[in-house]
Participant: 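Take this structure first; my questions come after.
Keep in mind that what you see is a predicted model, and the values were worked out from it rather than measured. The analysis underlying the following values was restricted to heavy atoms, covering all of them including side chains, and did not include hydrogens, waters or symmetry mates. Convention: sequence-line order gives letters A, B, ...; per-chain numbering from 1.
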Amino acid sequence: MRGGIGYYAALALASAALLAGLLAAVTRQSNPAWAGYQLAYGERIGEDVEIGVRQIVPSLSGEPEFCLTCHIGIEEISPSHPVEVYGCTACHGGVGTALDADLAHSTLRGGRNPSDLAVVSEGCGGDECHSGDPARQRDHIARVERSIQATYAGAIGAVLWTFGQSDGETHFGIAATFDPAPLPDTLTSLSAFDPDSYDHPSIRGFGENCLSCHLSAEPIARRYFYRSTGCAACHVIYADDGLYRGNDPTIPRDEPGHPSAHRMTTAIPYSQCNHCHNRGNYDMRTMEFVERDDLPPPEYYNATERRLADYYQPIGLFTLCEWELDCIDCHTSFEVMGDGHIYAAQADIQYVQCRTCHGTLTEPPATARITDPDDIALGRAFLLGHVELNVGDTVVITERGEAMWHVRQIGDEFVLTMRVTGERLTIPLVMDSDCEQRPDEQESRYCHACHAYER
Amino acid sequence: MARRANFFEHLHPPTLPRRESGFGYTFGLGGITLLLFVVLGVTGVLEMFDFSPQAPENYRSVARLTFEVPYGWLIRNMHYWAGQAMLVTATLHMTRVVLSGGYKGRRLNWLIGVALLVGTTLTDFTGLVLRWDENVAWALLVGTNVIWEIPGIGPMLYRIIVGADKVCCSATPVRFYTWHVLGLALPVAILIVWHLWRIRRDGGISHIAGSRHIRRPRAELVRVESLAAVTTLAALVWLSVSMDAPLGPPANLERPVDEAKAPWFFIGIQELLRHLPPLLGGVIIPVGALIAIALIPYVFDRSKEGEGIWLNRPGRNAQVIFGAIMAAIVLLGVIGALRR
């Protein structure tokens with residue numbers, strides 16, 4: 001090669017290739033993948049957004065995180081988990097220093113949901129977090145793992161009994177679980193239920209079609225059923241259409257299956273409970289889930305009518321307050337999240353009755369005065385935000401001594417503050433009323449006999 | 001008026017044997033290897049501006065370089081790909097030398113070349129560890145534990161290399177960093193200079209005896225080298241723009257990994273370790289193969305005949321031995337890679 005035209009042509013070509021490569025590098029540097037999300041966020045909120053890496057250094061870890069570079073605009077998960085303290089990776093895991101989606105998400109706990117029961121001990125646990133002191137009811141994870149919503153023990157036991165596959169005792173839950181300090185009437189442990197170990201076709205059918213209503217089960221991917229798993233199954237709110245309505249540009253707004261916002265709450269509306277409850281029935285002959293066909297469409301937004309329409313099923317007996325209030329206005333944390341013990345069925349842990357708040361002919365509701373500034377009730381009210389509760393207040397307590405901290409006695413009146421809406425309602429008492437209930441028939445089902453609400 | 005030779009021309013003798021300095025004979029492999037090493041030096045120094053050797057800051061600084069520092073990703077990708085490519089071109093260069101009898105009468109330079117191969121491999125190995133992601137687990141745990149197996153000096157050698165009795169977050173990454181930059185790359189640079197100088201000392205590029213009169217001026221060679229250099233750089237830049245150097249989640253040596261993966265050039269050894277005791281598979285066989293390669297001009301082909309001739313007959317033993325070792329490395333590598 002003596003420097004002829006051919007040589008210089010080849011050199012020019014190689015130089016052009018090198019130059020083009022450098023230009024490609026400049027293009028790549030000036031158009032990072034995350035910039036697209038920031039532009040999309042700007043469009044969503046209708047403002048100019050400064051394009052650049054967003055770094056936070058959460059005080060808990062002291063380690064920088066770049067997550068908000070793409071997830072710009074995402075809602076803070078809750079006021080009790082401020083992002084400047086927790087950041088993202090404390091709960092979610094992942095690689096916070098990466099700006100490459102695959103790497104950043106490579107070690108996420110539970111995919112999008114660090115509260116899934118498979119990973120909840122890492123995602124939400126720790127002595128200072130939700131695996132804390134049982135005496136302070138900070139052992140949320142242990143309680144939930146043994147709760148009837150997680151074990152599904154009642155349904156499993158009932159089906160096994162119905163088809164002659166049980167000795168009448170409860171042995172099985174969704175996962176094996178153990179209570180180191182059981183009560184006299186609670187179970188010590190459950191083994192993991194394996195429907196495939198049964199020859200009975202109904203048990204196998206139950207395993208295939210009916211294990212969709214516990215905290216570890218993936219939801220049915222259809223409208224009305226969208227929810228998460230683990231803690232987020234209840235504490236992260238989904239719309240009936242399963243669409244995201246927040247401002248994180250990485251979450252598509254037209255793809256069902258996302259919560260309506262990246263937010264956890266203790267103000268859980270009845271509609272969230274309904275993503276599992278009141279959606280239909282299991283047919284014990286075919287072992288199939290039969291969806292209700294009378295549900296209001298997701299776009300039906302007359303709140304009052306909607307509440308009534310999708311609250312209980314047509315055959316159910318229920319009273320006015322049962323659809324007027326939210327589920328959590330009556331059902332306590334112990335009932336819903338468990339009290340740390342293993343129960344054989346839902347009925348064994350469901351103890352709040354009409355009389356808890358309404359009293360009986362002879363007695364007003366049981367009450368207690370809050371005297372301890374460290375009382376758990378004060379913390380819960382504070383967390384919720386719109387229930388005013390102070391030391392010295394008198395609140396209704398359940399038969400297990402659990403404070404119904406949103407039901408206060410004010411003078412002679414009992415006032416319930418709805419935990420979701422903040423609306424205040426005065427509770428009518430049975431005492432001095434025309435109620436005809438017999439002293440030995442004090443359970444709610446007897447109240448329904450007269451107070452049933454006809455739809 | 002005669003043109004004055006430029007700097008690059010001065011690196012060469014005034015004239016070179018036409019055939020043996022042609023691209024069709026050398027494939028430019030030695031020169032490309034040298035260019036890649038220069039690229040590694042430049043990008044490596046640029047990386048050092050942002051790199052912190054201590055764990056866990058080492059991983060963070062690599063992530064910062066990759067994602068935050070302007071063009072840091074390009075620097076890192078070029079460093080990574082140049083490092084892998086250098087190992088490939090150096091091995092191919094060595095293969096060319098064996099097959100064309102280039103080692104004949106140049107025993108010392110052959111040994112320097114073998115030392116360069118070892119140095120390049122270890123530099124690559126220590127460099128991969130510096131990113132401190134989960135994929136360094138094999139290098140740190142399996143790779144270094146092999147050193148323990150060396151009879152007598154194993155534990156002492158291990159402490160010298162790893163910095164402690166076990167891999168840990170304070171001493172080990174600093175050790176590897178120092179090994180990479182000063183303990184290996186710097187000696188490699190010195191050896192490269194020596195290697196090049198020895199070529200001149202040994203009478204220029206090896207060639208067929210008696211072909212000295214068919215020569216070309218050095219300016220011509222420099223032109224070819226320029227073209228090869230620009231082409232190599234273009235390929236390197238395009239590779240770096242389109243394929244990122246690997247980076248996994250941060251290393252957590254406390255947590256067992258599902259499958260410790262050896263770097264690609266040690267997959268063969270990893271495969272041996274699956275079947276053989278560590279001393280045999282991790283030390284005796286690899287070191288034995290290396291010694292066999294080093295002994296080529298001393299034991300397997302002591303002749304001078306056949307220099308510059310492809311697959312020359314006197315060098316048949318050397319070619320078979322070297323070919324068998326390379327084939328074994330490739331075969332074991334492929335078997336190991338398919339297992340993943």
Side-chain angles (χ1 to χ4, degrees), chain A residues 1-35 52-55 57 61-70 89 92-109 122, chain B residues 3 18 21-24 56-75 77-78 131-135 216-217 219-252 255:
Chain A
M1 196 165 284
R2 297 179 182 176
I5 292 176
Y7 168 75
Y8 286 108
L11 189 63
L13 200 66
S15 304
L18 177 58
L19 195 65
L22 293 172
L23 284 175
V26 173
T27 309
R28 181 175 157 177
Q29 174 69 35
S30 23
N31 297 291
W34 44 263
V53 173
R54 301 284 198 279
Q55 176 183 295
V57 184
S61 67
E63 296 183 14
E65 293 180 359
F66 295 149
C67 313
L68 296 180
T69 304
C70 291
T89 60
H92 282 283
V95 181
T97 46
L99 280 175
D100 169 76
D102 289 339
L103 174 59
H105 299 158
S106 61
T107 51
L108 284 182
R109 296 190 189 105
E122 294 173 51
Chain B
R3 191 175 66 88
R18 170 160 302 284
S21 65
F23 192 80
E57 190 51 39
N58 50 3
Y59 179 84
R60 282 183 217 152
S61 63
V62 172
R64 215 165 22 241
L65 180 74
T66 308
F67 299 114
E68 204 184 354
V69 175
Y71 295 99
W73 58 272
L74 181 64
I75 300 299
N77 288 357
M78 285 181 71
R131 68 175 187 249
W132 210 250
D133 69 0
E134 64 177 15
N135 293 317
R216 74 169 88 208
E220 202 176 302
L221 179 62
V222 169
R223 277 200 290 275
V224 178
E225 286 173 341
S226 307
L227 179 59
V230 174
T231 307
T232 304
L233 285 177
L236 183 63
V237 168
W238 273 109
L239 189 61
S240 303
V241 169
S242 47
M243 282 183 79
D244 287 332
L247 183 64
N252 182 350
R255 190 181 56 203

Participant: Please classify the contact of B:N77 with chain A as side chain, backbone, both or neither, using a heavy-atom distance under 4.5 Å.
Facilitator: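 Looking at B:N77, just its side chain touches chain A.
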Participant: Which distance, rounded to the nearest 0.5 Å, do you find between the CG of A:D100 and the CG of B:D244?
Facilitator: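 If we round to the nearest 0.5 Å, A:D100:CG and B:D244:CG are 7.0 Å apart.
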Participant: To the nearest 0.5 Å, tell me how far B:T232 OG1 sits from A:L18 CG.
Facilitator: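 Spacing of OG1 (B:T232) from CG (A:L18) equals 10.5 Å.
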Participant: Of all the heavy-atom pairs spanning A:L22 and B:V237, show the shortest one and how long it is.
Facilitator: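 For A:L22 and B:V237, the tightest heavy-atom pair comes out as N-CG1, 3.8 Å.
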Participant: Considering only heavy atoms, which portion of A:A20 lies under 4.5 Å from any heavy atom of chain B: side chain, backbone, both, or neither?
Facilitator: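 Contact with chain B involves both backbone and side-chain atoms of A:A20.
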Participant: Please classify the contact between B:L74 and chain A as side chain, backbone, both or neither, with a heavy-atom cut-off of under 4.5 Å.
Facilitator: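 The answer is the side chain of B:L74.
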Participant: Do the side chain of B:W238 and the main chain of A:A24 share a donor and acceptor less than 3.5 angstrom apart?
Facilitator: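 No; zero donor-acceptor contacts below 3.5 Å.
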Participant: Name the region of A:L11, side chain, backbone, both or neither, that has any atom closer than 4.5 Å to a heavy atom of chain B.
Facilitator: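 Looking at A:L11, backbone and side chain both touch chain B.
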Participant: Do you know which of A:L13, A:V95, A:L103 has the most heavy-atom pairs with chain B at a distance under 4.5 angstrom?
Facilitator: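 It is A:L103.
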Participant: Name the region of A:D102, side chain, backbone, both or neither, that has any atom closer than 4.5 Å to a heavy atom of chain B.
Facilitator: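 Contact with chain B is absent: no heavy atom of A:D102 under 4.5 Å.
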Participant: Please classify the contact of B:S226 with chain A as side chain, backbone, both or neither, using a heavy-atom distance under 4.5 Å.
Facilitator: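 It is both, since atoms from each part get that close.
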Participant: Specify the closest pair of heavy atoms between A:A14 and B:T231, including all atoms of both residues, with the distance to one decimal.
Facilitator: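 In terms of heavy atoms, the two residues are closest at CB-OG1, 3.5 Å.
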Participant: Check each atom of B:Y59 against the heavy atoms of chain A and say whether the ones under 4.5 Å are side chain, backbone, both or neither.
Facilitator: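 Side chain only.
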Participant: Counting heavy-atom pairs under 4.5 Å with chain A, which one of B:G22, B:G248, B:P250 comes out on top?
Facilitator: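 Top count of heavy-atom pairs under 4.5 Å with chain A: B:G248.
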Participant: Does any non-hydrogen side-chain atom of A:T97 lie less than 4.5 Å from one of B:F67?
Facilitator: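 They are not in contact (no side-chain heavy atoms under 4.5 Å apart), so the answer is no.
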Participant: Looking only at heavy atoms, what is the nearest atom pair of B:R60 and A:P64, with distance?
Facilitator: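 In terms of heavy atoms, the two residues are closest at CD-CD, 4.2 Å.
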Participant: So which part of B:V241 gets closer than 4.5 Å to some heavy atom of chain A, the side chain, the backbone, both or neither?
Facilitator: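 B:V241 touches chain A through backbone and side-chain heavy atoms alike.
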Participant: Is B:T66 close to chain A through its backbone or its side chain, or both, or neither, when contacts mean heavy atoms under 4.5 Å?
Facilitator: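 For B:T66, no heavy atom lies under 4.5 Å from chain A.
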Participant: Which pair of non-hydrogen atoms, one from A:Y7 and one from B:R223, has the smallest distance, and what is that distance?
Facilitator: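 It is OH-O, 2.7 Å.
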